[in-house]
**Student:** 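Can you read through this structure? Questions will come right after.
Counting starts at 1 for both ligands and their atoms, in listed order.
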Amino acid sequence: MNLKQDDAAWALAAFEKIKTKVKAEALRSGDIIPYIPRDGRYFDLGWHEGISWWTNGFWSGILWQLYNATQDELFKEKAKVQETRLDAAMTEFNELHHDVGFMWLHASVTSYKLTGDKDSLRRALHAATILAGRYNPVGRYISAWNGNKPGWMIVDCLMNIQLLFWASEETNDPRFKHIAKAHLETCLKYVARPDGSCNHIIIFDPETGALLDNPAGQGFASGSSWSRGQAWAVAGLPLSCRYTKDPAHLDAAKRVAHYFIANLAVSDWLPLVDFRAPQNPVKYDSSAAMIAACGLLELASLVPELEKPLYANSAVKILRACESKFANWDPETDGIMGNACSAYHAEGEDTNASIIYADYFFIEAVLRLLGKHLEAF
Ligand code: GLY
């Protein structure tokens, strides 16, 4: 990545601060799986949904990325414990859903890539078969969540299908990638809108595949524009293009990216929770911006030279604006990127929060800028 001198200096300084902060977090957090700190301290995932909670792979992701970038054994030791803890979620099984990608891409695909551990390979392939098993061949989509929602498809899953593309390459069995590609194309038909914005949820009749509904999901309302959902598309489509190499998929990736960039350009590069919500109260979600920044940097790596600056420079602007406004670099308290928000209508500790996935994508983005990012899938 050809960074301007000032941006390169910023990224290097951020990397130094990330190492110091995450090392302090890793040393004091024991073997907990962190999510949102309370009173400045992470605590175990029990506060939320238990061992199958969808974010439970992101601390692994942080630890593996930093192990790859620094070779510090502490990060590797901690990451291996996280991976083993997730075995209980595999055994429990009935709470797992489409987000097995988020969990085992970071916990096990990365581990397998870095260490060649055959147990990591087994776990990752197990997760891929669970994800593939959620495919509805009539509607050509991967069903979202549990709880009698077999007709539900969501934009978030664009970030899980990399597990299927990876599994096809690993096993030389094309079934996984056929499912991933079919789901992606159904998403482009129903989730992505012609203007580049995205729906969060689409509901089909699971018997016939007929379109039934388009509810609000985690955004402000049906038809609004939830920024983290948009960001999952901004990041998920370029990652998928790496496998599909389909120009139509790349064009779609550009459309959703242009929409995201346009919206951030009119809000000082700070991410509102929903781009189509009332102007007041102002609600931010830094996680959307961090995810999108990674997606824009991935997109920059896929397009011709003269197209790269739009995506790369926008990513840098987003990262710098959010770091300056939201980051907490105090090594004595947990969590780096503040002002994340789980959903537009969320309240309390799920708003203006330091949420683990915002930190994961911030760290990944900084490592991408420095050419130190682990590309495991
Ligand atoms: N489950 C993905 C999200 O809340 O963004």
**Student:** Do V191 and W152 sit in the same hydrophobic cluster, where Ile, Leu, Val, Met, Phe, Trp and Tyr count as joined when their side-chain heavy atoms come under 4.5 Å apart?
**Tutor:** no
**Student:** Flag the pair D7 and R320 as a salt bridge only when some basic side-chain nitrogen lies within less than 4.0 angstrom of an acidic carboxylate oxygen.
**Tutor:** yes
**Student:** Validate the cation-pi geometry between K283 and Y344: distance from NZ or CZ to the six-membered ring centre under 6.0 Å, angle to the ring axis within 45°.
**Tutor:** yes
**Student:** Just one of I33, I62, N56, I32 clears the side-chain contact (heavy atoms from CB on, under 4.5 Å) bar with Q82, so which one?
**Tutor:** I33
**Student:** Which protein residues come within less than 4.0 angstrom of ligand 1, counting heavy atoms only?
**Tutor:** W54, D99, D156, Q218, W226, R228, W232
**Student:** Sequence neighbours left out, what pairs pass salt bridge (Lys or Arg N to Asp or Glu O under 4.0 Å) with at least one residue falling in residues 158-175?
**Tutor:** D173-R175
**Student:** Both conditions, 6.0 Å and 45 degrees, for the charged tip of K19 above the ring of F15: are they met here?
**Tutor:** yes
